[in-house]
Asks: 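The following block contains the structure, expressed as structure tokens.
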Amino acid sequence: FGSSHFGSRVRAAFGRCQCCLSLRLPISGFRFAFGNSIAGNMPLSKSKSLPGIMMLGTSMPKAIDGGFHRKNTLSFKLQHGPVDMLQPPPSPMTAAEKLEGSRELSRPQSAVALEDVIPRNMRQPRVAPAWLKHDKQVLRFYGFFQETVTERQEENSRYRHVKFMYYMEDGTLQMSEPKVENSGIPQGAFLKRHRVPRADGVGFIGPDDFRCGGQISVYGRTYHIAGCDRFTRWFYEENGIDVGEDEPMVEDTWQKSYKFGKTAEKGGLPPSYQAMDAKTLTKFQVGQPPANKKFMQFLLNDRKVLRFKAYWDDPTLYGGRIYFIIHYFLSDNTVEVNEAHSRNSGRDAYPVFYKRGPMYKKNKVNAYPGMLVSDGGLYMPEDFKVGDSISVWGRDVVLYDCDDFTQKFYKEYMDVDQKQMTMDVSEKPLRHIKLAPPPHNGIGTEQDSLINCHMIQPKPPKVDLAKLMSLSGESLRFEAKMANGEPEDECRRFVIAFFPDTDRVAVYELQQRNSGHMAGKFREKCRMKNPATGQYFQMQDFYVGATNTICAQPLQIIRADEHALQFLEAHCDQFPMADPIMCARLLQPLREEPEMQDEGGIDPDRLKELAAQCGVDLVDHQVITLLRKFGQDTDRGPVVCGPRALEAAV
């Protein structure tokens, strides 16, 4: 092998190719692979490929034929979708597997838990820790502290402003100082972020230690807290804590003087009168015409108009209140007054009340043109104040409001708050008084006469049919006596009949011997008004013990017939004096009286006396109701059983 031409070339190739050293094989193996096939059957010739790259000389290596493509491992087939070419094709399912798959589909699926759907890195714990609940939440406060300055003539102390940043997630505090131009102090980070202990050594500083207008001590230095941002105020309000009102930040003497100097350097301050006079004199000396003040005022204040709302009370006959819109033009100090007509006011649609022009405080008319007259004084912006009045040719016009631009102008240039002086001129709603109907003339009923006043074609008055059908034929009769104090009328007796179906009342006088009066009709059956209330008589107005005025005569009811008592007890919801339970509850203040605990009963007159002593006003009808429900007959006469009445009241 060493003497053959092919072997020498192979050895030479293996010797030169350093990348193929790992392919070196024992000489005996090489002879076994190439001895019979190459050396024995074909003549030796030049090799067309690089020696050492062939896989033992039996196959072509990759990229020899010039192709560098990779085979596809993912394909798509119809009715199958994506198919992995490297995976073997699935074996067909047997009948048992198909049956088992259908059973799995028919089984009810268990509920999927929420933890199985949300990834682990996105789950929220039930009780969120502080670092998660208050993540990226920072409370910001603004404050300052006073620092002593020694050996300086301009100031003896200065105020340094700081910002407090309290991080809610870990309870740390950071302080920073805003940089001030030419301060000469290293500013920026004032206190690194960490948990700051309290001044008393108990715990660390927290949100409860910060209040606007209060003070806080950090490492022996006291800071005054002046304000906070909007998020901090919202956070405290949501937790029901009053953080306090913001205070203006104070400025020391050096800051004021420094700002004043910078403003003067940039030309922000108005020039003095001496400087203006010197400029005017210089312009005259060089021949330049002086600047026109009116023209400069026009350039600076063009389209700047003060707008006021005003009114004038016209004192003439049939005059009323007239509202105006007043325009004051700052460009030339002229005034315009327009009327503010409302809808359907009845006035002409000409709003101009005073044409634009200069308005004088005092107006005079010359006897002839060209006559000199003293200046009455122009109205200037400082003369217009909400709540005051101005004179417009002898008319006192009151200013009651102004627009936003006017408020801002007066606040900025004159330090006058026009909003606080706003007046409420809204008119009170008109109250239409309804005319009272004429008095009844006595002909017919009052209802019929009243309908003639309401309608041109009168109709019969409406009646309560339900009341008429259910109470038709009912009559409540009471016996009464005349209580006018006259001795000759004490023996007279009357019967008052009340008809609940129509609320009509009739009075009849009984025959009394030697009374001097005939028996019969005292008052015809009709609806009558109670002089004490001004309303028509109702069923509640008639009870034993009541005194009603009928035909100008006071009639005191002393008795009622059995039918009337039974009817009132049956309708105790409308007539409470006939309700035994309600009457028994009135006796609660008398529970401690020994006479009320007596099983033998108490006399009705004595019961009224005890009730009067305890502040309970019992009328005769209520006593009759108690006798009918809780009464018993004794040798002394009818009495009220006190224990039974008190037991029923409970």
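Residues take their numbers from the sequence shown, with the count starting at 1.
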Asks: Can you confirm whether the side chains of Q274 and D277 place a donor and an acceptor under 3.5 Å from each other?
Replies: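 Side-chain D/A pair, Q274 to D277: absent.
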Asks: Quick one: pull up OG in S217 and CZ in R198 and give me the separation to the nearest 0.5 Å.
Replies: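 Going from the OG atom of S217 to the CZ atom of R198 covers 12.0 Å.
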Asks: ring-ring contact (aromatic ring centres under 6.0 Å, His included) between Y223 and F144: does it pass, once the steps are laid out?
Replies: CA-CA 6 Å; Y223 303 85; F144 61 89; 9.6 Å; no
Asks: Considering residues at least two apart in sequence or located in another chain, which fulfil the side-chain contact (heavy atoms from CB on, under 4.5 Å) criterion with V305?
Replies: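 For V305, the residues satisfying side-chain contact (heavy atoms from CB on, under 4.5 Å) (neighbours in sequence not counted) are H327, F329.
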Asks: Roughly how far apart are K459 NZ and H454 NE2, rounded to 0.5 Å?
Replies: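 Result: 14.5 Å between the selected atoms.
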Asks: Do L306 and F409 come within less than 4.5 Å of each other through their side chains, counting heavy atoms only?
Replies: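 The answer is yes; the side chains approach within 4.5 Å.
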Asks: Checking S183 side chain against K179 main chain: does a donor-acceptor pair fall under 3.5 Å?
Replies: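 Side chain of S183 to backbone of K179: no pair is present.
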Asks: Would a distance-only check, ignoring hydrogens and angles, find a side-chain to backbone donor-acceptor pair under 3.5 Å from E147 to Y159?
Replies: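 Looks like no, no N/O pair under 3.5 Å.
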Asks: Show, in sequence, the C-alpha distance, side-chain angles and deciding distance for E412 and M414, and conclude whether the side-chain contact (heavy atoms from CB on, under 4.5 Å) test is met.
Replies: CA-CA 6 Å; E412 183 176 355; M414 302 182 187; over 6 Å; no
Asks: Are Y328 and F384 near enough that their ring centres are under 6.0 Å apart?
Replies: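 Distance test on ring centres: under 6.0 Å, yes.
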Asks: Under 3.5 Å, is there a donor-acceptor pair between the side chain of T232 and the main chain of C228?
Replies: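 Answer holds: no.
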Asks: Using a strict threshold of under 4.0 Å (side-chain N to carboxylate O), is an ion pair present between D404 and K419?
Replies: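 So K419 does not pair with D404 through a salt bridge.
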Asks: Please list, chain by chain and in numerical order, all residues satisfying side-chain contact (heavy atoms from CB on, under 4.5 Å) with S345, sequence neighbours excluded.
Replies: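 Residues passing side-chain contact (heavy atoms from CB on, under 4.5 Å) with S345: H341, S342, R347.
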Asks: Any donor-acceptor pair under 3.5 Å linking the side chain of Q297 with the backbone of L330?
Replies: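 The answer is yes, because a donor-acceptor pair under 3.5 Å joins these two groups.
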Asks: Determine whether the side chains of S157 and Q146 contain a donor N or O and an acceptor N or O closer than 3.5 Å.
Replies: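 S157 vs Q146: donor-acceptor pair found between side chains.
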Asks: Is the shortest side-chain N to carboxylate O distance from K467 to D503 below 4.0 Å?
Replies: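 Answer for the salt bridge query: yes.
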Asks: Decide whether Y536 and N530 meet the rule of one side-chain donor and one side-chain acceptor closer than 3.5 Å.
Replies: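 Per modelled atom types, Y536 and N530 side chains form no pair under 3.5 Å.
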Asks: For a side-chain contact (heavy atoms from CB on, under 4.5 Å) check, start with the C-alpha distance between L173 and F204, then their side-chain angles and the critical distance, and finish with the verdict.
Replies: CA-CA 10 Å; L173 179 65; F204 298 92; over 6 Å; no
Asks: Is E245 atom CD crowded by more than 12 heavy atoms from other residues, nucleotides or ligands, each under 6.0 Å away?
Replies: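 No, CD of E245 has 12 or fewer neighbouring heavy atoms, counting only those of other groups under 6.0 Å.
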Asks: Just how far is it from atom CG of D388 to atom CG of L399, taken to the nearest 0.5 Å?
Replies: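 These two atoms lie 7.5 Å from each other.
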Asks: Hey, are D252 and R160 close enough for a salt bridge, meaning a charged N less than 4.0 Å from a carboxylate O?
Replies: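 No, no charged N to carboxylate O under 4.0 Å.
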Asks: Which label fits F145 and F190: parallel for a plane angle under 30°, tilted from 30 to 60°, or perpendicular past 60°?
Replies: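 Rings of F145 and F190: tilted, as their planes differ by 30° to 60°.
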Asks: With a 4.0 Å cut-off, would you call K529 and E446 a salt bridge?
Replies: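 So K529 pairs with E446 through a salt bridge.
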Asks: Answer whether the closest heavy-atom distance between the side chains of V397 and S389 falls below 4.5 Å.
Replies: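 No - every pair of side-chain heavy atoms lies 4.5 Å or more apart.
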Asks: After noting the C-alpha distance and the side-chain angles of D314 and R395, does the key distance pass the salt bridge (charged side-chain N to carboxylate O under 4.0 Å, His left out) rule?
Replies: CA-CA 9 Å; D314 189 1; R395 298 172 177 85; over 6 Å; no
Asks: Check the angle between the aromatic planes of Y323 and Y400 and answer parallel, tilted or perpendicular using the 30° and 60° thresholds.
Replies: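 Geometry flag for Y400 against Y323: perpendicular rings.
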Asks: Looking at every heavy atom in both Y219 and P197, which two are closest together, and how far apart are they?
Replies: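 Closest pair (atom of Y219, atom of P197, distance): OH-CD, 3.5 Å.
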Asks: What I'd like to find out is whether the side chain of F141 reaches to under 4.5 Å of the side chain of M165, using heavy atoms alone.
Replies: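 The answer is no, as the side chains (C-beta and beyond) never meet within the 4.5 Å cut-off.
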Asks: If you apply the rule side-chain contact (heavy atoms from CB on, under 4.5 Å), what do you find for L139 with F210, and how did you get there?
Replies: CA-CA 10 Å; L139 306 180; F210 293 93; over 6 Å; no
Asks: Regarding R140 and Y142, is there a side-chain donor-to-acceptor distance under 3.5 Å anywhere?
Replies: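 Yes, Y142 and R140 have a side-chain donor paired with an acceptor closer than 3.5 Å.
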Asks: Does any part of the side chain of T406, heavy atoms only, come nearer than 4.5 Å to the side chain of F308, both counted from C-beta?
Replies: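 Yes, their side chains come closer than 4.5 Å.
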Asks: Are E339 and F324 close enough, and set up right, to give a side-chain contact (heavy atoms from CB on, under 4.5 Å), and what steps lead you there?
Replies: CA-CA 4 Å; E339 295 186 13; F324 300 110; 3.7 Å; yes
Asks: Using atom types as modelled and distance alone, determine if a side-chain donor or acceptor of Y360 lies under 3.5 Å from a backbone N or O of V392.
Replies: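 Between the backbone of V392 and the side chain of Y360 there is no qualifying donor-acceptor contact (under 3.5 Å).
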Asks: Test your reading of the model: is there a side-chain donor-acceptor pair from N301 to the backbone of F298, 3.5 Å cut-off?
Replies: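 Pair absent, no side-chain N/O of N301 close to backbone of F298.
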Asks: So that I can tick it off, tell me whether E247 and R211 are bridged by a salt bridge, with the cut-off set at under 4.0 angstrom between side-chain N and carboxylate O.
Replies: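 No.
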Asks: Output the distance between atom CZ (R152) and atom CD (E155), rounded to the nearest 0.5 Å.
Replies: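 Atom-to-atom, R152:CZ and E155:CD are 5.0 Å apart.
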Asks: Within a reach of under 6.0 Å around NZ of K411, are more than 12 heavy atoms found that belong to other residues, nucleotides or ligands?
Replies: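 Buried by this count: over 12 neighbours within 6.0 Å.
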Asks: So that I can tick it off, tell me whether D229 and K163 are bridged by a salt bridge, with the cut-off set at under 4.0 angstrom between side-chain N and carboxylate O.
Replies: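 Salt bridge: no.
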Asks: With distance as the sole test, does D302 use its side chain to make a donor-acceptor pair with the main-chain N or O of L299 at under 3.5 Å?
Replies: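 A pair under 3.5 Å: no.
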Asks: Hydrogens and angles aside, do S449 and N452 bring a side-chain donor and acceptor to less than 3.5 Å of each other?
Replies: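 Side-chain D/A pair, S449 to N452: absent.
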Asks: Would Y258 and N182 count as a side chain to side chain donor-acceptor pair (under 3.5 Å) here? Give the steps.
Replies: CA-CA 9 Å; Y258 182 77; N182 291 335; 3.0 Å; yes
Asks: Hey, does M421 have a side-chain heavy atom less than 4.5 Å from the side chain of V416?
Replies: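 They are in contact (side-chain heavy atoms under 4.5 Å apart), so the answer is yes.
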Asks: Measuring only between side-chain heavy atoms, which start at C-beta, is Q447 closer than 4.5 Å to R527?
Replies: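 Yes, side chains in contact.
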Asks: For N441 and I443, indicate whether the former's side chain and the latter's backbone hold a donor-acceptor pair under 3.5 Å.
Replies: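 Indeed, once roles are kept as given, a pair shorter than 3.5 Å links the two residues.
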Asks: For the side-chain hydrogen bond (donor to acceptor under 3.5 Å, both in side chains) test, which of R193, Q174, R195 pairs with Y167?
Replies: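 That would be Q174; it is the only one of R193, Q174, R195 passing the side-chain hydrogen bond (donor to acceptor under 3.5 Å, both in side chains) with Y167.
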Asks: I want to check something: taking the side chain as every heavy atom from C-beta on, are V243 and F235 in contact at a cut-off of under 4.5 Å?
Replies: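 Of all side-chain heavy-atom pairs linking F235 with V243, none is under 4.5 Å.
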Asks: Are P207 and M168 packed together at the side-chain level, in the sense that at least one heavy-atom pair is separated by less than 4.5 angstrom?
Replies: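 Yes; the side chains approach each other to less than 4.5 Å.
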Asks: With distance as the sole test, does E336 use its side chain to make a donor-acceptor pair with the main-chain N or O of Y354 at under 3.5 Å?
Replies: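 Between the backbone of Y354 and the side chain of E336 there is no qualifying donor-acceptor contact (under 3.5 Å).
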Asks: Please determine if D332 and K294 form a salt bridge, counting it only when a charged side-chain N lies under 4.0 Å from a carboxylate O.
Replies: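 So D332 does not pair with K294 through a salt bridge.
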Asks: May I ask you to decide whether R233 forms a salt bridge with D246, counting only side-chain N to carboxylate O separations under 4.0 Å?
Replies: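 Yes, charged N to carboxylate O under 4.0 Å.
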Asks: Judged by atom type as modelled, is there a donor-acceptor pair below 3.5 Å linking the side chain of D424 to the main-chain atoms of S426?
Replies: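 Between the backbone of S426 and the side chain of D424 there is a qualifying donor-acceptor contact (under 3.5 Å).
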Asks: Taking atom OG1 of T150 and atom CG of N156, what is their separation to the nearest 0.5 Å?
Replies: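 T150 OG1 to N156 CG: 10.5 Å, rounded to 0.5 Å.
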Asks: Under the side chain to side chain donor-acceptor pair (under 3.5 Å) rule, what do D541 and Q538 come out as? Steps first, then yes or no, please.
Replies: CA-CA 6 Å; D541 297 331; Q538 300 291 331; over 6 Å; no
Asks: Distance check, rounded to the nearest 0.5 Å: F164 atom CZ versus I216 atom CD1?
Replies: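 F164 atom CZ to I216 atom CD1 measures 6.0 Å (nearest 0.5 Å).
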Asks: State plainly whether the residues K259 and E251 are in salt-bridge range, i.e. N to O under 4.0 Å.
Replies: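 Salt bridge between K259 and E251, a charged N being under 4.0 Å from a carboxylate O: yes.
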Asks: When you check the side-chain N and O atoms of Q187 and E177, is any donor under 3.5 Å from an acceptor?
Replies: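 Indeed, the side chains of Q187 and E177 share at least one donor-acceptor pair under 3.5 Å.
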